[in-house]
Amino acid sequence: GKAMKAAIDKAREEGDTLGGIFEVVARGLPAGLGDYTQWDRKLDGRIAQAMMSIPAIKGVELGLGFRAARLSGKHVHDPIAYCPPQAPRPDGGFTRGGNSAGGLEGGVTNAMPLVVRCAMKPISTLMKAEADTERSDVCAAPAASVAGENFLAFLLAQTFLEKFGGDSLAEIRRNYQGYLAQISRPLGK
């Protein structure tokens, strides 16, 4: 935080602007939000569209994102493992050793934390330029991160309702709890 504030102060003194990268993480999502069959309903595409609609956002990555392109498969893939009932998961179940995919695979959530990063370009208005200037922030990335959090929360709520929706909160809760009970049953039961 201190280094970031120092860089912003320096840019302000020089009449310059800065871009930045912010990260939004959503935890506690169930596996299965989104769609793996329809291109326009895949959650990763919908997230990218929402985040790219924030002014000056020029890149969106999920999980390892662009870094994954520079790694081999053995360093990117998150193997699925079975955890027998024991601490810290008394119910047991399937788990993963990492979260390279950022909580999304094939357009749907996989119950790992959803990790979204956005790259924002520097603001175009420079205070040193010989032009009329009304006002310019030095770095809008902190404000954009608030917008990103809200866009993601709204989109996840929308996706949640698409999967578990109903006519009342009680019906939505029943649908969600029924789904959780169904996916937590041991195979074959």
Side-chain angles (χ1 to χ4, degrees), residues 1-12 14 16-81 94-126 136-163:
K2 289 180 182 179
M4 181 176 67
K5 289 178 185 178
I8 291 171
D9 289 343
K10 183 175 186 239
R12 180 181 294 114
E14 295 173 354
D16 206 351
T17 61
L18 298 173
I21 297 172
F22 64 85
E23 181 177 273
V24 181
V25 179
R27 290 179 172 75
L29 299 173
L33 294 182
D35 193 304
Y36 59 89
T37 62
Q38 297 294 115
W39 68 270
D40 59 336
R41 297 191 62 188
K42 288 182 174 239
L43 189 54
D44 41 7
R46 293 171 73 184
I47 290 169
Q49 180 182 19
M51 296 302 183
M52 290 294 289
S53 70
I54 299 170
I57 298 299
K58 295 299 180 187
V60 176
E61 66 179 8
L62 304 167
L64 291 179
F66 294 107
R67 190 171 141 223
R70 296 183 204 85
L71 299 171
S72 65
K74 68 182 177 185
H75 294 105
V76 174
H77 299 299
D78 300 318
I80 299 171
F94 293 97
T95 185
R96 297 191 176 262
N99 192 21
S100 298
L104 284 166
E105 293 179 73
V108 299
T109 56
N110 64 10
M112 295 294 286
L114 178 60
V115 181
V116 181
R117 274 182 296 286
C118 300
M120 180 178 219
K121 73 176 189 69
I123 298 167
S124 301
T125 305
L126 301 177
S136 177
D137 292 327
V138 174
C139 182
S145 70
V146 174
E149 287 177 350
N150 284 280
F151 278 40
L152 185 62
F154 184 83
L155 180 58
L156 291 174
Q158 184 179 41
T159 307
F160 188 89
L161 288 175
E162 289 167 4
K163 185 158 189 79

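Keep in mind that the numbers below use all heavy atoms, side chains included, and drop hydrogens, waters and symmetry copies.
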- Determine yes or no for a side-chain-to-main-chain donor-acceptor pair under 3.5 angstrom, with T17 supplying the side chain and C139 the backbone. no

- Side-chain donor/acceptor of D35 to backbone N/O of Q38, under 3.5 Å: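 Yes.
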
To the nearest 0.5 Å, tell me how far [X] [atom1] sits from [Y] [atom2].
{"X": "I123", "Y": "D16", "atom1": "CD1", "atom2": "CG", "answer": "10.5 Å"}
{"X": "R46", "Y": "L152", "atom1": "CZ", "atom2": "CG", "answer": "11.5 Å"}
{"X": "K163", "Y": "Q158", "atom1": "NZ", "atom2": "CD", "answer": "15.0 Å"}
{"X": "L43", "Y": "T159", "atom1": "CG", "atom2": "OG1", "answer": "5.0 Å"}
{"X": "I21", "Y": "E61", "atom1": "CD1", "atom2": "CD", "answer": "7.0 Å"}
{"X": "M112", "Y": "N99", "atom1": "CE", "atom2": "CG", "answer": "4.0 Å"}

What is the minimum heavy-atom distance between [X] and [Y], and which atoms define it?
{"X": "I57", "Y": "M52", "result": "O-CE, 3.7 Å"}
{"X": "P142", "Y": "S145", "result": "O-OG, 2.6 Å"}
{"X": "P113", "Y": "V25", "result": "CB-CG1, 4.0 Å"}
{"X": "G148", "Y": "F22", "result": "CA-CE1, 4.1 Å"}
{"X": "K42", "Y": "G106", "result": "NZ-O, 3.8 Å"}
{"X": "A11", "Y": "V138", "result": "CB-CG1, 3.7 Å"}

- Message: Before you tell me yes or no, could you show the steps for I47 and L114 under side chain to side chain contact (heavy atoms under 4.5 Å, CB included), namely the whole-Å CA-CA distance, both residues' side-chain angles and the distance that decides it to 0.1 Å?
- Response: CA-CA 11 Å; I47 290 169; L114 178 60; 3.9 Å; yes

- Query: How far apart are the C-alpha atoms of T109 and L104, what are their side-chain angles, what is the distance that settles it, and do they pass the side chain to side chain contact (heavy atoms under 4.5 Å, CB included) test?
  - Reply: CA-CA 4 Å; T109 56; L104 284 166; 4.0 Å; yes

- Step by step, would you call V60 with R117 a side chain to side chain contact (heavy atoms under 4.5 Å, CB included)? CA-CA 6 Å; V60 176; R117 274 182 296 286; over 6 Å; no

- Assess whether atom CD of Q49 is packed by more than 12 heavy atoms of other residues, nucleotides or ligands within 6.0 Å. no

- Should E23 and V116 count as side-chain neighbours, where that means a heavy-atom distance under 4.5 Å? no

